[in-house]
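Reviewing the structure listed below.
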Protein chains: 2
Amino acid sequence: MARMKDPRARSLLIEQAARMLRDRRPVTIRSLVAGTGMSTMAVYTYFGGMDGLWRAVRQEGFTRLASRLDGVSLSADPVRDLAALGAAYLANAVAHPDLYRVMFDAGFELDDPSAADESLYSLVRAVDRAKTAGRFHGGVDPLELATQSWVIGHGLASLAVTGPLPRDALTHAVPMLIALFTSAGDDPAECRRSVERGWQAPSAQLPD
Amino acid sequence: MARMKDPRARSLLIEQAARMLRDRRPVTIRSLVAGTGMSTMAVYTYFGGMDGLWRAVRQEGFTRLASRLDGVSLSADPVRDLAALGAAYLANAVAHPDLYRVMFDAGFELDDPSAADESLYSLVRAVDRAKTAGRFHGGVDPLELATQSWVIGHGLASLAVTGPLPRDALTHAVPMLIALFTSAGDDPAECRRSVERGWQAPSAQLPD
DNA sequence: AAACAATACATAACATTGCTATGTTATGCA
DNA sequence: TGCATAACATAGCAATGTTATGTATTGTTT
């Protein structure tokens with residue numbers, strides 16, 4: 001059949017693009033392949049063009065997010081876990097701000113949505129555990145509350161990491177999540193303790 | 001001295017750019033000036049280049065947002081007004097989705113930040129009125145709570161208007177604002193009534 | 001093993017991009 | 001009336017993404 005496309009070269013180009021994003025260098029086809037020894041055609045054989053490259057970079061962003069969330073060790077306190085997941089979400093945005101911007105800028109179709117889905121569903125599962133633990137009332141829809149947590153996380157990431165707000169505005173996450181989870185039925189004082197513990201979870205502060 | 005720059009031409013170019021954004025046509029210097037009879041140099045005399053044009057478009061976006069918020073008629077119920085401002089914020093994003101994207105994509109420096117400032121401070125004032133009306137407790141920092149409302153609004157706009165969530169996810173605004181304002185001290189039942197009334201304020205649903 | 005076919009990859013060219021250099025026209029002030 | 005200065009037009013440049021064409025390499029087939 002065909003000579004195999006080297007998957008090494010593929011991810012090498014993606015990492016190169018991520019590195020150039022991080023260093024604020026303009027990502028052009030020619031500058032992208034410059035250090036790699038490949039020719040500009042590599043971008044077309046592996047990604048079909050520049051759009052495909054950005055799709056792959058976006059995919060990489062969601063993959064890193066998913067693995068970051070996967071690194072959050074769950075506890076017996078599901079509300080703490082929810083806050084820890086939120087902290088990990090924001091830590092990922094801080095660690096890869098330009099990648100985060102690409103993830104949500106102009107087009108989000110993914111070749112493999114499972115990474116993005118898995119990220120959301122780790123929140124959904126935590127909400128569900130909070131329900132069965134009696135922390136949230138039965139009327140709470142896990143997907144809805146997870147989505148609302150995501151809205152808070154993304155709003156903060158967008159405004160305070162890639163946007164006009166200063167970075168320490170990220171601490172707004174704590175009172176906002178407390179408000180959200182309290183309105184879902186959690187006891188205010190217990191909720192505050194849980195969220196603050198989750199916010200300081202070590203998995204959220206790793207450099208990458 | 002100098003021949004006056006025609007301010008008509010300036011805003012004509014901005015409106016043309018906004019129109020091309022709306023129609024999803026790529027905004028290039030040549031296509032921008034195509035219908036106007038001007039030459040490409042007009043963009044350089046009026047805006048100094050493409051960056052300046054995008055800055056002006058962003059400014060236009062904030063101006064439209066400010067006038068939209070200004071159209072919200074205030075009432076005796078400051079919590080209703082906060083929700084109405086939030087609804088107007090989202091209605092503006094729905095009315096001008098591509099403009100909204102430009103407002104927060106890659107760079108936010110504004111020639112005149114007063115439009116953006118005024119938008120935030122209309123929220124701050126409403127929070128302050130809610131405090132003096134006894135709806136929020138005294139410990140609430142108006143700027144902080146206003147910022148948190150903005151985070152919710154922007155998170156929703158970014159995900160449900162220019163992002164992957166369906167547009168009807170905007171209704172998450174209601175429970176999220178209720179949660180936020182309740183945690184600021186408002187009575188839950190009264191808060192729900194106020195937010196739902198504000199959410200249906202007519203000023204939020206005007207086409208422009 | 002040899003010939004072949006198909007695909008990866010290199011080279012070069014193309015249209016279009018933002019931008020600049022240069023020339024031309026119009027305007028306000030002396 | 002002249003003149004300096006700004007507005008505008010024209011043309012061209014380097015760089016961009018993309019495509020066309022040629023070459024080399026690999027897996028398959030007889």
Side-chain angles (χ1 to χ4, degrees), chain A residues 1-60 98-99 101-102 105-109 111, chain B residues 1-60 98-99 101-102 105-109 111:
Chain A
M1 270 273 289
R3 174 159 142 219
M4 283 297 290
K5 297 185 188 178
D6 186 358
R8 293 256 194 75
R10 220 190 104 94
S11 52
L12 198 144
L13 285 175
I14 295 176
E15 286 166 23
Q16 173 78 353
R19 205 174 313 132
M20 296 179 70
L21 277 177
R22 175 168 49 82
D23 301 345
R24 296 289 199 289
R25 283 185 294 163
V27 179
T28 70
I29 290 195
R30 287 171 177 81
S31 65
L32 184 72
V33 301
T36 68
M38 316 186 207
S39 85
T40 62
M41 280 305 293
V43 176
Y44 290 87
T45 53
Y46 291 121
F47 307 102
M50 214 50 181
D51 281 7
L53 173 73
W54 289 121
R55 240 199 338 268
V57 169
R58 189 158 46 235
Q59 186 82 251
E60 170 72 15
D98 306 274
L99 219 47
R101 180 174 294 157
V102 172
D105 264 15
F108 349 82
E109 64 281 0
D111 300 327
Chain B
M1 270 274 289
R3 172 160 142 218
M4 282 296 290
K5 296 184 189 179
D6 186 357
R8 295 255 197 76
R10 221 189 104 95
S11 51
L12 198 144
L13 284 176
I14 296 175
E15 288 167 22
Q16 173 77 353
R19 205 173 316 133
M20 296 179 69
L21 277 178
R22 176 168 49 81
D23 301 344
R24 299 286 199 291
R25 282 183 295 164
V27 179
T28 70
I29 292 194
R30 288 171 176 82
S31 65
L32 184 72
V33 301
T36 69
M38 315 185 207
S39 85
T40 62
M41 280 305 294
V43 175
Y44 291 88
T45 55
Y46 291 122
F47 306 102
M50 213 51 179
D51 281 6
L53 173 71
W54 290 121
R55 239 196 341 265
V57 169
R58 190 159 44 236
Q59 186 81 252
E60 171 71 13
D98 307 275
L99 219 48
R101 180 174 294 156
V102 172
D105 265 14
F108 353 81
E109 64 283 359
D111 301 326

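Throughout, protein chains are lettered first and strands after them, A, B, ... in sequence-line order, and every chain is numbered starting at 1. All values derive from a computational prediction rather than experimental measurement.
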**Request:** Could you check whether A:Met50 gets within reach of a base, just the sugar-phosphate, or nothing at all, counting any heavy atom under 4.0 Å?
**Result:** sugar-phosphate
[X] side chain near [Y] side chain, heavy-atom distance below 4.5 Å:
| X | Y | answer |
| --- | --- | --- |
| A:Tyr44 | A:Ile29 | yes |
| A:Arg24 | A:Asp98 | yes |
| A:Val27 | A:Met50 | yes |
| A:Gln59 | A:Ile14 | no |

Write down the distance between [atom1] ([X]) and [atom2] ([N]), rounded to a whole number of angstrom.
| X | N | atom1 | atom2 | answer |
| --- | --- | --- | --- | --- |
| B:Met41 | C:dA26 | CE | P | 17 Å |
| A:Leu13 | C:dA8 | CG | P | 14 Å |
| A:Phe47 | C:dC9 | CZ | C1' | 15 Å |

**Message:** Checking A:Arg25 now: which residues fulfil side chain to side chain contact (heavy atoms under 4.5 Å, CB included) with it, not counting sequence neighbours?
**Reply:**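 With sequence neighbours excluded, A:Arg25 shows a side chain to side chain contact (heavy atoms under 4.5 Å, CB included) to A:Met20, A:Asp23, given in chain and number order.
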**Message:** A:Thr28: which residues meet the side chain to side chain contact (heavy atoms under 4.5 Å, CB included) condition with it, sequence neighbours left out?
**Reply:** A:Arg30, A:Ser31
**Asked** For C:dC9, does OP1 or OP2 lie under 4.0 Å from any side-chain N or O of A:Tyr46?
**Response** yes
**Prompt:** So, is B:Tyr44 near the phosphate of C:dC19, with a side-chain N or O under 4.0 Å from OP1 or OP2?
**Reply:**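 Yes, such a contact exists.
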**Fill in**
Note: for A:Ala9 and B:Gly48 on DNA chain C, the residue whose nearest nucleotide lies more 5' is A:Ala9
**Item:** Nearest-nucleotide pick for A:Met38, side chain only, options being D:dC8, C:dG18, C:dA10
**Value:** C:dA10
**Asked** Where the side chain of A:Thr40 is concerned, which of C:dA12, C:dA21, C:dC19 is the nearest nucleotide?
**Response** C:dA12
**Asked** Which residues in residues 17-32 of chain B have at least one heavy atom lying under 4.0 Å from any atom of DNA chain C?
**Response**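 Within this stretch, B:Val27, B:Thr28, B:Ile29, B:Arg30 sit under 4.0 Å of the strand.
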